[in-house]
Number of protein chains: 2
Amino acid sequence: MSRGKSAPRPPLSRERVVRAAVEFADREGYAALSMRKLADELGVVPMALYKHVADRESLVDAMVDAVVDEYEPAPADADWRESVRATILSARRALARHPWAREAIESRTDRTPAVLGYMESLVQHFFAGGFSANLTHHVMHALGNRIWGFSPEMFNPAPGAAPREPQLSPEEIVERFPGILAIARAAHADPTATSCDEDFEFSFALDILLDGFARLHDRGWTSAH
Amino acid sequence: MSRGKSAPRPPLSRERVVRAAVEFADREGYAALSMRKLADELGVVPMALYKHVADRESLVDAMVDAVVDEYEPAPADADWRESVRATILSARRALARHPWAREAIESRTDRTPAVLGYMESLVQHFFAGGFSANLTHHVMHALGNRIWGFSPEMFNPAPGAAPREPQLSPEEIVERFPGILAIARAAHADPTATSCDEDFEFSFALDILLDGFARLHDRGWTSAH
DNA sequence: ACGTTAGGTGTACGCTGTACACATGTCAAG
DNA sequence: CTTGACATGTGTACAGCGTACACCTAACGT
């Protein structure tokens, strides 16, 4: 009799699971993502997911891979500096589309092949610019998580999170943290602005690092291990 | 009669709870810490903790505060650069004593007064060096999480964590990630060494940033907002 | 002597990841 | 056509989590 059931649900697949997870996290945030809610989303019982992903950890791995897949390659004619910069800013654009990816990436301990591939591409940009393996090693460390297009939020709390406590009165802030207050105001032409231009801050720090790399490279720097 | 009970347990207090939590995390790791296990540790029922801390989040806040309290002030006669460097390296030493603090700090969204006080002290070092509020704002962003004494682990997986999958064969690594392999080897005089000198990498990146800050400061740089 | 309160207890709820046994539907081999 | 294997989805169950809420008990100020 086949089945004229109400919902002729397409069969699951690893790819469908991962895509649904990405969309769910885009919509509801990383913290809201759970195996059970994702199963609900797919109209399926939680354990069904485990036929397609080993566990939650490897699902997140796959989600990160999906983000990395969105990175755009650097223009072919660029020098090392432009290549690295363009690649990292492309990562940053992908991150803007998937804000949860920051938390996901920070929580990873293992590197998937896709992730290693991305890091390899950065390394090759430095090599193409004549960087030694030694210097490249150190500059990759110095970039750190910045290769994923994010730097830690210094002043802006995570979006959508209300402070847990009243914390401090304005008077106390003025008295105890005048410096923080001053620099918070100094960054904005509009002194009532509440949030920083994160893109600017990101490029600012990135360029300082790239400048430093260039200088070390020019003078043939190497660590004296 | 009074009570000659077997365990004349000292009464709980917020400080005792926090200290026990710090010791537990030192010993068992951040992931292992739960309200229930901590209560066990203190010979008390889980809900008893809630008489002293509002919830798990504010317990972690207090734990981070405890770490920040261990930071040592910079020598009084140092210039801005030495002061900042010494302060941050002091934070790094505290982090070495409390490895869980990295995860804890990364998971914070609100800043406690103690945390703001630490940031304020850094800001004041820059001010004392003649930095404008504007430049100080940007350099604080550029430092990012580095002010807490850590940079992201690029290559070393979290200590004590076994890889979940065999991942890739050595042949595949050689073929697909020659650059990563090269830089992994280049950093160590001993090519069989498996881990990086994280302290070196940390200072390396920190000094590049401080160099950059000094240069911008010397030329009176300001963002053209 | 008595009401208030601070601190510890016990129970309970809803949430999480996932182990395990089971049902079903598809397909290859006999 | 039958049969057995395999892939896929289901259902139940368990241990763990944070924490709300009602309760008890001991100490203390009046």
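Atom set for the values below is all heavy atoms of this structure, side chains included, hydrogens, waters and symmetry mates excluded. Sequence lines set the chain letters: A, B, ... in the order given, protein chains first and strands last, and positions in each chain run from 1.
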How long is the span from the CG atom in A:Leu122 to the CZ atom in A:Phe127, to the nearest 0.5 Å? 11.5 Å
Check the distance between D:dC23's P and B:Lys51's NZ and give it to me in whole angstrom. 14 Å
Sequence-distant partners of A:Glu175, side-chain hydrogen bond (donor to acceptor under 3.5 Å, both in side chains), two or more places apart: none
Only residue of A:Met63, A:His52, A:Lys51 satisfying side-chain contact (heavy atoms from CB on, under 4.5 Å) with A:Val17 is A:His52
Separation of B:Glu57 atom CD from D:dT19 atom P, in whole Å? 8 Å
Whole angstrom is fine here: how far is it from CG in B:Leu42 over to P in C:dT9? 11 Å
Can you tell me how far P of D:dG16 sits from CG of B:Leu38, to the nearest Å? 17 Å
Could you please name the option among D:dT8, D:dG11, C:dT9 that lies closest to any side-chain atom of A:Met47? D:dG11
What nucleic acid atoms does A:Met35 come within less than 4.0 Å of, heavy atoms only: base, sugar-phosphate, or nothing? sugar-phosphate
Look at the side chain of A:Arg36 against the base of C:dG17 and say whether a donor-acceptor pair falls under 3.5 Å; ignore hydrogens and angles. yes
Which of these nucleotides, D:dG11, D:dT19, D:dG18, is closest to any side-chain atom of B:Ser34? D:dG18
Looking at B:His52, I'd like to know whether one of its side-chain N or O atoms comes within less than 4.0 Å of OP1 or OP2 on C:dG8. yes
Rounded to the Å, how far apart are A:Arg56 CZ and C:dC15 C1'? 13 Å
Nearest to side-chain heavy atoms of B:Pro46, which nucleotide of C:dT18, D:dT19, D:dC17: D:dT19
Checking contacts here: which listed nucleotide (D:dT10, D:dC17, D:dG18) is nearest the side-chain heavy atoms of A:Ala48? D:dT10
For the ring pair A:Phe202 and B:His141, is the centre-to-centre distance below 6.0 Å? no
When rounded to whole Å, the NZ to P distance for the pair A:Lys37 and C:dC15 reads 8 Å
Between A:Ala32 and B:Leu49, name the one whose nearest nucleotide on DNA chain C is closer to the 5' end. B:Leu49
Round to the nearest Å and state the distance from A:Arg16 atom CZ to D:dT8 atom C1'. 13 Å
Atom-pair distance (OH on A:Tyr50; P on C:dA21), nearest Å: 17 Å
Establish, yes or no, whether the cationic atom of A:Arg56 lies under 6.0 Å from the six-membered ring centre of A:Tyr30 and within 45° of the ring axis. yes
